[in-house]
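This report refers to the structure that appears directly beneath it.
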Amino acid sequence: MSQPLTLEEFEHQGSARMPPDVRDYIGGGAGREQTLAASRAAFDRFALRPRVLVDVRAPDLSVRLLGTSLAAPIGVAPMAFHRLVHPDGEQATARAAGAAGALFVTSIFASQSLEDIAAAASGPLWLQLYWLRRREALADLAQRAEAAGYRALMLTVDAARVARRLRDVRNSFSVPPHIRAVNLDAALPEIAAYGAAGISAIEAHSRDQFDAAVTWRDLEWLTSRTRLPLVLKGVLTAQDALLAAEHGAAAVVVSNHGGRQLDAAVPGLIALPEITDAVAHRIPVLFDGGVRCGADAAKALALGARIVLVGRPVLWGLACAGRDGAAAVLKLLRDELEEVMVLSGRPKLADFGRDAVVEL
Ligand SMILES: Cc1cc2nc3c(=O)[nH]c(=O)nc-3n(C[C@H](O)[C@H](O)[C@H](O)COP(=O)(O)O)c2cc1C
Ligand SMILES: CCCCC(=O)C(=O)O
């Protein structure tokens, strides 16, 4: 097979290596998958505005975020169970992120321990949390993350429970017993224990174990138990971004969870301008959802994102060739963004403001 030249080619090759139900779990979205499609299509609503006769010999992709330096404004979005696609799991992905100078966000549903991931990683790590009904488990995880050198916590706030994802319902999807959320082992029943014909075990598990009663007032309970900055992932309105800043969030991630939670929710790229207008002068705004090339990343940066996170493409690369495949995906995205910077006469990330794009 030839070396993939685009992230879509990685999708083609990586997905072909996955069992069909895993391919559906990773590739799919919630409900009628309207948000999944609309979030990709939103990138076509913007075009880049190149400047000319600028010295672009030394494009600078480096960025600082919550005290951490990154070689590129790119991160790996938190995703559950990397061992579903490769036995080397999160350790391989974290190594790949480090090689690319990208941030790695470990999911609370990682299939390797957060300490083992930290031992393998060569770059900065954050830990993502869902608010579990057994909230003491969150305080324990925060402590462990701090001790293992993680630099921030990312609380995902768009999932009072996991959405009804029709592909997973049709496949009666469950996580195979040998792949476990090892960081939660002592605290929660296995997802596999919820497996049954005609349902998604992940959805059923979340209905039982996620806390649907959590509100803004509860955030202090978590922030008072950790020294790490708290980032809120899954914000799609200016109102909530302002509330996040008021409640002490260190950053927000504009995200619709890759179209996997509220179907018909607004595409992140459309929500991004109102959110950056509201809070980017106070806290950094991150973006994820549907970034598939350097130009996509550039459009999100132009609309105010400090960095972009990528989800599925990293798992396609991991499925193709483990660490090297995931690293190749991140390098390709980084190199494409570098080319956009050179050819659009915007050699600094600060050159990507609203004037860098036009709405079609
Ligand atoms: C297989 C898979 C698992 C995911 N697991 C998590 C998770 O554990 N926690 C979380 O906050 N988001 C999770 N997400 C959402 C991603 O963090 C991210 O928001 C989304 O994938 C970005 O869109 P993209 O895949 O189009 O790049 C998951 C996404 C996928 C595809
Ligand atoms: C296993 C919990 C859900 C992971 C997730 O957030 C997703 O599949 O999108």
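Both counts, for ligands and for their atoms, begin at 1 and track the order of listing.
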| task | Step through it carefully: locate the ring centre of His205, locate the ring centre of Phe109, and say whether they are under 6.0 Å apart. | result | yes

| query | With no hydrogens and no angle check, is any side-chain donor or acceptor of Glu336 less than 3.5 Å from a backbone partner on Gly294? | reply | yes

| remark: Going by the 4.0 angstrom heavy-atom rule, the piece of His257 near ligand 2 is side chain

| said: For atom 5 (N) of ligand 1, what's the nearest protein heavy-atom neighbour? Residue, atom name and distance, please. | reply: Ala80 N, 3.1 Å

| said: Any atom of ligand 1 sitting under 4.0 Å from a heavy atom of Phe81? | reply: no

| Looking at atom 15 (C) of ligand 1, what's its closest protein heavy atom, distance included? | His257 CD2, 3.4 Å

| remark: To the nearest 0.5 Å, atom CG of Leu337 lies from atom CG of Leu349 at 7.0 Å

| note | Check: of Lys233, His82, Arg312, Met154, min heavy-atom distance to atom 12 (N) of ligand 1 comes from Lys233

| said: Using heavy-atom distances only, which candidate in Leu315, Val291, Val157, Asp288 approaches atom 19 (O) of ligand 1 most closely? | reply: Asp288

| task | Please write down residue, atom name and distance for the protein heavy atom closest to atom 5 (C) of ligand 2. | result | Tyr130 OH, 3.4 Å

| message | Starting from atom 7 (C) of ligand 2, what is the nearest protein heavy atom, named by residue and atom, and what distance separates them? | response | Arg165 NH1, 3.2 Å

| note | the protein heavy atom lying closest to atom 11 (O) of ligand 1 turns out to be Thr156 OG1, 2.7 Å

| request: Kindly confirm or rule out a cation-pi arrangement of Arg151 over Trp126, judged by NZ or CZ under 6.0 Å from the six-membered ring centre and within 45° of its axis? | output: no

| remark: Which of Leu360, Asp296, Ile270 passes side-chain contact (heavy atoms from CB on, under 4.5 Å) with Phe46? It is Ile270

| field | side-chain hydrogen bond (donor to acceptor under 3.5 Å, both in side chains) partners of residues 275-295, not counting sequence neighbours, each pair once | value | Ser255-Asp288, Thr276-Arg354, Asp277-Arg354

| note | The closest protein heavy-atom partner of atom 26 (O) of ligand 1 is Arg292 NH2, 2.7 Å

| task | Would you mind telling me which of Lys233, Arg260, His257, Gln261 makes a side chain to side chain donor-acceptor pair (under 3.5 Å) with Asp158? | result | His257

| request: Could you tell me the residue and atom name of the protein heavy atom closest to atom 7 (C) of ligand 1, and the distance to it rounded to 0.1 Å? | output: Tyr130 OH, 3.4 Å

| note | Of all protein heavy atoms, the one nearest atom 9 (O) of ligand 2 is Arg260 NE, 2.8 Å

| remark: Looking only at non-hydrogen atoms, the one of Arg40, Gln261, Met79, Gln128 nearest atom 28 (C) of ligand 1 is Met79

| Test applied, salt bridge (charged side-chain N to carboxylate O under 4.0 Å, His left out); reference residue, Arg346; option that passes from Asp55, Asp60, Asp355, Asp351 | Asp355

| request: For atom 8 (O) of ligand 1, grab the closest protein heavy atom and report residue, atom and distance to one decimal in Å. | output: Ser107 OG, 2.7 Å

| request: Taking side chain to side chain donor-acceptor pair (under 3.5 Å) as the test, write out the residues that go with Thr106, two or more places apart. | output: Tyr150

| query | Can you tell me which residue and heavy atom of the protein come closest to atom 27 (O) of ligand 1, and the distance to 0.1 Å? | reply | Gly311 N, 2.9 Å

| field | Plane angle bin for His82 and Phe104 - parallel if under 30°, tilted between 30 and 60°, otherwise perpendicular | value | perpendicular

| request: May I ask you to identify the nearest protein heavy atom to atom 1 (C) of ligand 1, giving residue, atom name and distance to one decimal place in Å? | output: Arg260 NH2, 3.5 Å

| Nearest neighbour of atom 6 (C) of ligand 1 from the list Gly259, Ser39, Pro78, on a heavy-atom basis | Pro78

| task | Look at atom 4 (C) of ligand 2 and say which protein heavy atom is nearest, naming residue and atom and giving the distance to 0.1 Å. | result | Tyr25 OH, 3.6 Å

